[in-house]
There are 2 protein chains.
Amino acid sequence: MLNERSLSVTQDCGDCPIRHRAVCARCESDELDRLEEIKYYRKFEAGQTVIWSGDKMDFVGSVVSGIATLTQTMEDGRTQMVGLLLPSDFVGRPGRSTAAYDVVATTDLVMCCFRKSPFEELMGRTPHIAQRLLEMTLDELDAAREWMLVLGRKTAREKIASLLSIIARRDATLHLKSGGGGPLTFDLPLTREAMADYLGLTLETVSRQISALKKDGVITLEGKRHVTVPDMERLLEEAGDDADGGMFA
Amino acid sequence: MLNERSLSVTQDCGDCPIRHRAVCARCESDELDRLEEIKYYRKFEAGQTVIWSGDKMDFVGSVVSGIATLTQTMEDGRTQMVGLLLPSDFVGRPGRSTAAYDVVATTDLVMCCFRKSPFEELMGRTPHIAQRLLEMTLDELDAAREWMLVLGRKTAREKIASLLSIIARRDATLHLKSGGGGPLTFDLPLTREAMADYLGLTLETVSRQISALKKDGVITLEGKRHVTVPDMERLLEEAGDDADGGMFA
DNA sequence: CCACATTCTTGATCTGCGTCAAAGTTTACG
DNA sequence: CGTAAACTTTGACGCAGATCAAGAATGTGG
């Protein structure tokens, strides 16, 4: 999910997504990569569903490129996004055989998968992998809890600002831009509806609040998706975090 | 946090909370228990703060008895509970030295703690512990995501019903009551305000919705805290989950 | 280049929940 | 046992965000 640690792993991983440093960054071994026989790629087009909640899931894997979402849906159709999967993020859990969420590709997506049972075996033999996975899972747990605050207590405007902050920060990390005061620029990888599902809002409210932030000079829009943030501090204030501490401490 | 797996561990643990089966349920070893020199108990009274967000945290540990909450607070005082710690639940994370949340005892609380660095060392040597911790963390992540749906998409009434369902189910598990149609009975371990903080509501709304559920015969109240659920299916419907599947599938 | 589907914006109106206020109930303590 | 503190309930009212509705912008395939 969206958080700094898993992103810095992406950096580690460099342009070599095949070697699973995301999972095995700390150990010098390449055991995972030797497991050619249980490793395979899967490609998805934007909009395709990777797996449905409740389906049998006989693999685990990580995102190589593209973006996927994890969503939960109630019978009456209300949906809540519970995670955003970025390159290097891991999906699936050892010890469970069915998917707990719908996983949907929002952009074209490449995943690198391992058949589950050999992976589990490997994990039993290789303490580093379990430890690395634990670390990543703890990061995701922190991100999920961060998001609980956003969902439970923030206003619509703050929610939008929080999401934009996170995306801006991710992009800054991915592209190694300076953290200093200069303007930041990025593309929204999500439709208004997907943003609404992430934020627990309606797409109309998302649209209105983005317009409001634009009107107030917090952001600039070029087209519907390309965002410029002239002053990151300002955006963080709008998000309800203190400028330096808080969410990104 | 509140979920079935960590609770069933409490069962495993029986009345022997000192042996950390919660962490080490699968392995036959008792390594953790041999580490007397790094293990110590801490007791807290209801209302006491175990640790403040941002404080240095040089221990990890699990709850032996009582209940604690994890909360996040914004500068302006808005607070969101992000986790409920029940007996056998684990606090603290290997690899991080400061607390990410306020941890507060809501009842009298006993925790069994380990100094962090020896624990981490042990974890490095003992794959089962890392694996068990991973499993517990994944359960917590699922619970957190479950809660994101509650916070983002459910109505006040559904939120209350969801919380009551979870508490009822936990109690049923702890006391090994039958899952069948009979009435369930339990005490609320939280004030209205704490419930509000968990649900992203105000305490007034919590109070009103509890009154409404009482009026509609979904629950019965004796005093302010003792709840009877005549028909669990009904409560689950009110929570917006299908009666059998959904949240507790 | 045009038709048609998506996605997005904006407006008008409605409503669930928050806010403010007051009083009732339970618990704790001197 | 009596008084204060903490917790809970209930009411009146307002507002943030949902809902309903209509277009505008953008993209896509023929």
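A note on names: the letters A, B, ... follow the listed sequences, proteins ahead of strands, and every chain is numbered from 1.
Per the geometry, CD belonging to A:E158 stands 14 Å off C1' belonging to D:dG17, to the nearest Å. Atom CG of B:D197 and atom P of C:dC17 are 17 Å apart (whole Å). If you measure from atom CG of B:L221 to atom P of D:dT8, you get 11 Å, rounded to the nearest angstrom. Rounded to an integer number of Å, the gap from A:K215 NZ to C:dT9 P is 15 Å. Counting to the nearest Å, the P atom of D:dG17 and the CZ atom of A:R153 are 14 Å from each other.
Side-chain N/O atoms of B:R225 include none lying less than 4.0 angstrom from OP1 or OP2 on C:dT26.
When distances are taken from the side chain of B:E204 to each of D:dT9, C:dC20, C:dC17, the shortest belongs to C:dC20. The side chain of A:K224 sits closest to C:dC8 out of C:dT25, C:dC8, D:dC20. Among the nucleotides D:dT8, C:dG18, C:dT9, the one closest to the side chain of B:T205 is C:dG18. Among the nucleotides C:dC8, D:dT8, D:dG17, the one closest to the side chain of A:Q209 is D:dG17. Considering only side-chain atoms of B:L201, the nucleotide from C:dC17, C:dT19, D:dT8 that sits closest is C:dC17.
One side chain, A:T228 or A:T185, offers a donor N or O that lies under 3.5 Å from an acceptor on the other.
A perpendicular orientation is assigned to the rings of B:F59 and B:Y40, their planes being inclined by more than 60° (bins at 30° and 60°).
Nearest-nucleotide positions on DNA chain D place B:S211 closer to the 5' end than the other of A:A156 and B:S211. Heavy-atom distances to DNA chain C give each of B:R208 and A:E193 a nearest nucleotide, and the one nearer the 5′ end belongs to A:E193.
A salt bridge links B:R234 and B:E238; the closest N-O separation between the charged side-chain nitrogens and carboxylate oxygens is under 4.0 Å.
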Report task. Could you check A:L151 against A:Q80 for side chain to side chain contact (heavy atoms under 4.5 Å, CB included), going step by step and ending with a plain yes or no? Result -> CA-CA 10 Å; A:L151 290 173; A:Q80 175 67 51; 3.9 Å; yes
